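Please read the structure below before turning to the comments.
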Amino acid sequence: MTNPSNNNTEPKTSLNFLEQIITNDIAENKAGGRVHTRFPPEPNGYLHIGHAKSICLNFGLASQFNGKCNLRFDDTNPTKEEQEYVDSIKEDVRWLGFDWEEREFYASDYFDKLYEFAVFLIKKGKAYVCEMTAEEIGASRGTPAVPGKESPWRDRPVEESLDLFDRMRKGEFPDGSKVLRAKIDMGSPNMQMRDPVMYRILHARHHRTGDNWCIYPMYDWAHGQSDYLEGITHSVCTLEFEVHRPLYDWFLDELEVKNDRPRQIEFARLNLSYTVMSKRKLLGLVQEGHVAGWNDPRMPTISGLRRRGYTPASLRVFADRVGVAKRENMIEVGMLEHCVREDLNRTSARAMAVFNPVKLIIDNYPDGQVEELKGILNPENPETGTRLIPFSKTLYIEKDDFLEDPPKKFFRLFPGGEVRLKYAYIIRCDHVVKDERGAVTEIHCTYFPETKSGMQSDKKVKGTLHWVSAEHAIKSEVRLYDRLFTVPEPEDVEEGEDFRKHLNPDSLVVTTALLEPALADVWPGQRFQFERNGYYCVDPDSRQNALVFNRTLSLRDSWAKISR
RNA sequence: UGUCCUGUGGUGUAAUUGGCAACACGUCUGACUCUGAAUCAGAAGAGUCCAGGUUCGACCCCUGGCAGGACAACCA
């Protein structure tokens, strides 16, 4: 199995609780010391960064202990699941860097086996066909504090249940008319143990088994048995299944599984600030058009993060750094952003882009002269080479980089001030030209030839500006993405209010930028750092002469803090 | 007024089976810088939910509270 390196040099000094459990299990030679995990998504939506944590955990644990990890689709509800989701899930897991080899499984692979197991339990007197309606079952289940009441069908003869179950399978009964229930304990303080439903009748076409079945197993019945059939040793899931664990074990007990039993272990799901994670809410955002789709770069989905420009390695490191435990948590997005910047800083090529251009004219630079200057592609990794940047008399710089009345500690350009133009010369601002409204339209400067980049010069300046040559710059659409919500915990709303009220109206700003010409030939997915600005990647919408860049995230900006 | 789970700096995670709390992110200084980025150096910030108890010694063990969460789909 592949386990991509996380470039994580921090020495591993302690084990998390899952590693401890597994280490102990191996020490006790449980399952012969085998470790086999699984990632079990339901194909009813797109994967998000919370799933990424689970994927990293399951595949990571397996490789760490020389085991295997299966990809298993939990496809027991044909009314919600679709092939489209299966495809996107596989793409996302692969993109994250994990390989399930030939072990691509489906709960639906086990429908026959599950049926046999169910018959076994009926014969054993541990399951029965119940003919109450869904409402009746709900009402008789009681509440967490009040015991439930037994079904009138609970003690019907085994032969009768067997016959009815067989006819349920054959399609003799309409949806909802009957269910198969485990016979456990309607008085149990654990609601999960109050005769849970194992099968329901659903005359629905399944994306894999077609019309072969009209009864489908419920999660609790299908999941643990699938784990068992696959030889899973550690069935890692999220906290909400904690109360299901007695049921998970009960089924295994009653099926008389003695050795190599899978063991369910729960951990706290990932929560991220400034976003929402529930599939239902994400679906809502898509359906209501608040975002452009599941892979909108503002979505916390893996496909959204991918389109946004996040790297698989950064997501893996993130999953590793947030750790895993059983307490509820809220990870600050800052942590994620740090992981991405760290990776992108190391790996992305630099380029210059001007977003709010103002013309800068070098009065003493020869008309018509063009110099091809060398720019380092990545100073963190100089062997990646250089690119050529044309320099000429008329440039564009960022409006923000010039102020007529600079505050103290302003290291940029102002009348009489000097700055370096990155990879070019030091210049001095002599005067400006304004329009009738008083806005600066031209900044006139003098350049100092002896300060050309690479030459020895005694002249020192505080600031360095990025720029593009007016004549050579190419135009690009740029989509500036920001946090989807304006508050850290958008789901934390008053009674009767909705998380949508915290949607950030400025989460997407479409603008244009002037780029250095080396960027004319880029392909979707390529990532860059626009110097002094941020990280950007080429969107799939991008075309040869109609470039589209997405802002992954900005560079840290301590000047913004000072000037505030 | 049931069962189960969880409480450690702002956030997250540690403290290897009891030895006066560590790491990462964040924050704040300063250095360096042809990216106000990165990097480097340093600082502040918790006495471990509370109260008892055991012990020479408790984040860790015991008792009792308190707080938060999960569970009442023919969803997963």
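A, B, ... follow the sequence lines: proteins, then strands. Residue 1 opens every chain. In this text the structure is predicted, and so the values were computed from the model without any measurement.
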Could you tell me whether the phosphate oxygens of B:U27, OP1 or OP2, come under 4.0 Å of any side-chain nitrogen or oxygen in A:Lys561? yes
Once you round it to whole Å, what is the distance between P of B:A70 and CZ of A:Arg245? 17 Å
With a 4.0 Å limit, can you tell me whether A:Thr464 has a side-chain N or O closer than that to the phosphate oxygens OP1/OP2 of B:U33? no
Taking any heavy-atom pair under 4.0 Å as a contact, classify A:Leu555: base, sugar-phosphate, or nothing. base
When we call it a touch if two heavy atoms are under 4.0 Å apart, what does A:Gly454 touch: a base, just sugar-phosphate, or nothing? base
Mind checking side-chain contact (heavy atoms from CB on, under 4.5 Å) for A:Ile26 and listing every partner two or more places apart, or none if nothing turns up? A:Ile22, A:Val35, A:Phe65
For A:Phe318 and B:U11, give me the distance from atom CZ to atom C1', rounded to whole Å. 11 Å
Of all the nucleotides listed (B:C5, B:A37, B:U13), which has the minimum atom distance to the side chain of A:Asn329? B:U13
For every nucleotide of nucleotides 71-76 of chain B, 5' to 3': is a protein heavy atom under 4.0 Å from its base (B), only from its sugar-phosphate (S), or from neither (-)? SB-BSB
So A:Val324, base contact, sugar-phosphate only, or nothing? Heavy-atom distance under 4.0 Å. sugar-phosphate
RNA chain B contacts among residues 527-535 of chain A, heavy-atom distance under 4.0 Å: A:Gln529, A:Glu531, A:Arg532
Sorted by chain and number, sequence neighbours left out, side-chain hydrogen bond (donor to acceptor under 3.5 Å, both in side chains) with A:Arg245 holds for A:Glu266
Could you tell me how far B:C50 sits from B:C66 if I compare only their P atoms? Round to whole Å. 15 Å
When you compare B:U39 with B:A46, how far apart are their P atoms, in angstrom units rounded to a whole number? 27 Å
Just to be sure I understand the rule, does A:Glu242 reach a base, reach only the sugar-phosphate, or reach nothing, if contact means heavy atoms closer than 4.0 Å? sugar-phosphate
Holding to side-chain contact (heavy atoms from CB on, under 4.5 Å), I want the full list of residues that pass it with A:Met193, two or more places apart in sequence or in another chain. A:Ile184, A:Ser188, A:Asn190, A:Pro246, A:Leu247, A:Trp250
Taking the nucleotide of RNA chain B with the nearest heavy atom to each, does A:Met455 or A:Phe17 sit closer to the 5' end? A:Phe17
What integer number of Å spans the P atoms of B:U13 and B:G7? 9 Å
Set out, line by line, the N/O atom pairs under 3.5 Å between protein and nucleotides 42-48 of chain B.
none

Ring centroids only, cut at 6.0 angstrom: are A:Tyr85 and A:Phe73 within range, meaning strictly under it? no
Closest-nucleotide 5' rank along RNA chain B - winner of A:Arg412 and A:Lys462: A:Lys462
Contact under 4.0 Å: A:Arg327 side-chain N or O vs B:A67 OP1/OP2: no
For A:Glu371, is there an ion pair with A:Lys452 - N to carboxylate O distance below 4.0 angstrom? yes
Sugar-phosphate only, base, or nothing, as touched by A:Pro379 at under 4.0 Å among non-hydrogen atoms: base
May I ask you to evaluate whether A:His338 reaches the phosphate of B:C25, defined as a side-chain N or O under 4.0 Å from OP1 or OP2? yes
For residues A:Tyr274 and A:Phe485, establish whether the separation of their ring centroids is below 6.0 Å. no
In whole Å, I'd like the distance from the CD atom of A:Glu380 to the P atom of B:C40. 10 Å
Once you apply a heavy-atom cut-off of 4.0 Å, does A:Tyr216 come out as touching a base, just sugar-phosphate, or nothing? nothing
Can you sort out the partners of A:Thr464 under side-chain contact (heavy atoms from CB on, under 4.5 Å), two or more places apart, ordered by chain and number? A:Arg420, A:Lys422
Taking only residues two or more places apart in sequence or in another chain, which ones pass side-chain hydrogen bond (donor to acceptor under 3.5 Å, both in side chains) with A:Glu82? none
Check this one for me: any side-chain N or O of A:Gln20 less than 4.0 Å away from OP1 or OP2 of B:A15? yes
What interatomic distance, in whole Å, is found between P of B:U3 and the corresponding atom of B:A58? 32 Å
Partners of A:Ser563 by side-chain contact (heavy atoms from CB on, under 4.5 Å), sequence neighbours excluded? A:Trp559
Which nucleotides of RNA chain B pair, in dot-bracket form (Watson-Crick or G-U under 3.5 Å, | meaning another strand): .((((((..((((.....[..)))).(((((.......))))).....(((((..]....))))))))))).....
Please enumerate all residues that pass side-chain hydrogen bond (donor to acceptor under 3.5 Å, both in side chains) together with A:Asn58, with sequence neighbours excluded. A:Ser54
Base, sugar-phosphate, or nothing: which does A:Lys422 touch, judged by heavy atoms less than 4.0 Å apart? base
What pairs meet the side-chain hydrogen bond (donor to acceptor under 3.5 Å, both in side chains) rule with one or both residues in residues 37-47 of chain A, with sequence neighbours excluded? A:Arg38-A:His223, A:Arg38-A:Ser235, A:Glu42-A:Asn44, A:Asn44-A:Lys279, A:Tyr46-A:Glu84
Are A:Arg169 and A:Tyr115 in a cation-pi setup, meaning NZ or CZ lies under 6.0 angstrom from the ring centre and within 45 degrees of the ring axis? yes
Provide the distance between the two C1' atoms, one in B:G9 and one in B:U48, to the nearest whole Å. 10 Å
